[in-house]
Amino acid sequence: MKITAQQLRTKYQEFFKSKGHTIIPSASLVPENDPSALFVNSGMFPLVPYLLGQEHPGGARLANVQKCIRTGDIEEVGDNTHLTFFEMLGNWSLGDYFKEDAIKWSFEFLTSKEWLNLPVERLAITCFGGDSDAPRDDESAKIWMSLGVPQHRISFLPKEKNWWIAGNSGPCGPDTEMHYWIDDGSPAPKTYDVDEPRWVEIWNDVFMQYEKKADGSLVPLEKQNVDTGMGLDRVLAILNGQKSVYDTELFKGMWEVLALDQEILSNDEIRKARIVLDHIRAAVFMAGDGVEPSNKDRGYVLRRVLRRALVMGRLLNLKHHWLDALIGQVAATYASAYPDLVARSENIFAVILAEQKRFEATLEKGLKQFEARIQNTESGMLTGKDAFDLYQTYGFPWELTHELAAQAGSTIEKSEFESEFKKHQELSRTASSGQFKGGLASHSDKIVRLHTATHLMNAALRKVLGEEVWQKGSNITEERTRFDFTHNKKMTPEEIAEVELLVNTWIARDLKVKKEILSLEEARKLNAIGVFGEKYSDTVSVYTISDNKTGEIISREFCGGPHVERTGIIGTFKIQKEEASSAGVRRIKACIV
Ligand code: SER
């Protein structure tokens with residue numbers, strides 16, 4: 001079936017309208033009042049309050065096409081299926097229908113002649129295999145079989161694969177995924193294989209039965225919900241017989257702008273070109289929703305994708321002004337589906353081109369420096385320190401130096417670069433004057449103890465006031481810790497006393513404080529909270545305060561440290577003041593006596 005992106009969006013919406021769903025608009029990519037992720041990463045994300053029980057004005061059956069950003073798979077972008085920005089087609093039941101209807105409708109939409117008409121012979125299904133939290137999902141498997149999916153095409157997989165949660169906590173549950181065999185040259189194998197890239201996941205039906213609390217416990221939800229998500233780009237490619245999402249009409253105009261002959265490009269060049277297309281498309285959508293490049297949070301993600309695209313563009317020798325043309329092309333491609341992009345295009349151009357200017361000025365100088373360094377080494381090998389100097393002085397991202405070195409037949413150890421980075425961080429902390437900027441300015445004993453006390457206070461506030469409490473900022477001096485957090489009313493004297501008591505109890509229990517370096521993904525899985533620190537890489541340090549005897553986790557935060565090794569040496573914790581800081585944000589000053 002040949003189909004355009006707009007036809008697919010419309011078909012999906014019509015189908016679910018015919019099943020009694022209200023079509024709701026896509027939310028902004030920037031989450032509203034939800035600090036648990038930097039970007040909306042799925043159709044369900046803006047719907048979390050409703051999945052937790054709040055009534056939705058559109059009723060109990062909803063469907064939409066939602067803009068999403070996912071950076072977790074950024075290393076895979078450029079293969080046939082991974083993207084940073086994508087649109088997700090989704091339908092939801094808020095306490096209304098459950099497994100039976102959700103699966104029946106997914107099957108009907110995918111396979112019926114009237115809708116997508118995909119052959120059942122090319123479908124494979126995965127279901128949740130069960131663990132100590134929840135049982136194996138035999139019910140879903142039975143429904144699939146009743147619709148005509150053969151048993152051998154249904155596999156049961158563990159939580160890492162067939163369970164969905166948007167962030168660290170919130171509504172979640174088992175899911176059942178639909179995979180499509182994309183190879184036209186050979187028939188689909190009898191069974192699904194998770195490591196086989198020709199099986200492409202196209203749709204995911206999640207059965208949200210639980211709420212995961214910050215302490216990791218699962219609590220059954222009062223109402224059972226359905227949350228489904230289907231990747232528009234992937235399905236579009238499949239329906240049009242294309243091997244890769246980068247071959248669809250959504251990227252066609254953009255390829256033309258790059259003016260590269262795909263026939264003669266190497267695989268590596270194709271990957272680079274795809275990264276350019278993906279990252280610029282994502283950057284245009286981010287800027288369209290008001291994100292500006294900066295060194296933290298969302299702004300950092302935008303800066304990172306833009307700079308990476310610029311680097312790739314340079315390595316591909318793209319012609320002059322390719323970026324301007326590409327921005328215009330993204331807006332044109334999406335003009336009818338997202339008219340705001342066109343309306344805001346002046347601003348989008350300004351934001352992206354200003355970042356290009358900033359980056360390119362240093363890029364030139366840095367390239368000269370790179371040449372000079374590589375000429376000067378006897379071995380022809382650059383060190384981690386060289387890479388760090390280039391980063392430090394010229395803003396060279398690791399990828400660029402790595403890539404340039406590879407082209408020159410040299411290699412650099414990433415771990416060396418990272419350890420230089422860490423050394424530098426420590427030094428700048430010690431040198432700066434008593435300020436707490438995402439790291440400690442001084443490692444005095446008192447500050448270290450207050451730092452760990454601040455983590456305990458954060459955990460206690462979330463326990464006493466609820467998990468909506470989120471750190472907004474913190475500053476520690478020898479005398480006190482100052483902590484800003486989201487909360488919209490004054491704390492009562494009882495609440496203050498309760499927080500103090502909790503922190504002092506944890507101190508008295510002499511809990512162990514452990515530091516681990518984890519990948520962002522692992523840290524997320526462990527429900528670490530807090531402000532991201534070392535954003536230059538995908539690894540983060542996480543501090544966990546726990547009771548070894550009971551296994552209870554009291555606090556787990558992203559943090560550069562340092563901290564005390566056991567809470568027993570902190571001293572007695574005292575809240576001195578609780579006051580408003582700004583709208584919806586409270587400020588506590590506390591000390592150790
Ligand atoms: N939330 C699920 C996903 O993103 C289904 O929408 O896969």
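Just follow the structure's listing: the first ligand is 1, and inside any ligand the first atom is 1. None of the values given here were measured: they were computed from a predicted structure.
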For this session: Output the list of atoms in ligand 1 that are nearer than 4.0 Å to some heavy atom of Arg70, sorted by atom number.
Result: 3 (C), 4 (O)
Problem set entry | N/O separation below 3.5 Å, Asp227 to ligand 1 | yes
Exercise. Which heavy-atom pair separates Met230 from Phe109 by the least distance, and what is that distance?
Worked result: CE-CE2, 3.6 Å
Exercise. Which ligand 1 atoms, with their elements, are less than 4.0 angstrom from a heavy-atom of Val206?
Worked result: 2 (C), 5 (C)
Exercise. Side chain, backbone, both or neither: which part of Met230 comes within less than 4.0 Å of ligand 1 when only heavy atoms are counted?
Worked result: neither
Exercise. Between Gly229 and ligand 1, is there a nitrogen or oxygen pair with a distance under 3.5 Å?
Worked result: yes
Problem set entry | Residue portion contacting ligand 1 (non-hydrogen atoms closer than 4.0 Å) for Asn204 | both
Exercise. Could Glu121 and Arg153 be called an ion pair, given the rule that one side-chain N must be under 4.0 Å from one carboxylate O?
Worked result: no
Exercise. Salt bridge between Lys99 and Asp205, side-chain N to carboxylate O under 4.0 Å?
Worked result: no
Problem set entry | For Met88, the ligand 1 atoms whose distance to one of its heavy atoms is below 4.0 Å | 3 (C), 4 (O), 6 (O)
Exercise. With atoms numbered from 1 as shown, which atoms in ligand 1 lie under 4.0 angstrom from a non-hydrogen atom of Met44?
Worked result: 1 (N)
For this session: Give me the ring orientation class for Phe285 and Phe85: parallel if the planes are under 30° apart, tilted from 30 to 60°, perpendicular past 60°.
Result: parallel
Exercise. Any N or O on Ser42 sitting closer than 3.5 Å to an N or O of ligand 1?
Worked result: no
For this session: Mind listing the closest non-hydrogen atom pair of Tyr12 and Asn64 along with its distance?
Result: CE2-O, 4.0 Å
Exercise. Is any NZ, NE, NH1 or NH2 atom of the basic residue among Asp133 and Lys212 found under 4.0 Å from an Asp or Glu carboxylate oxygen of the other?
Worked result: no
Exercise. Would you say ligand 1 has an N or O under 3.5 Å from any N or O of Asn41?
Worked result: no
Seminar exercise, completed: Note: Lys67 and Asp289 closest approach over all heavy atoms is NZ-OD2, 3.0 Å
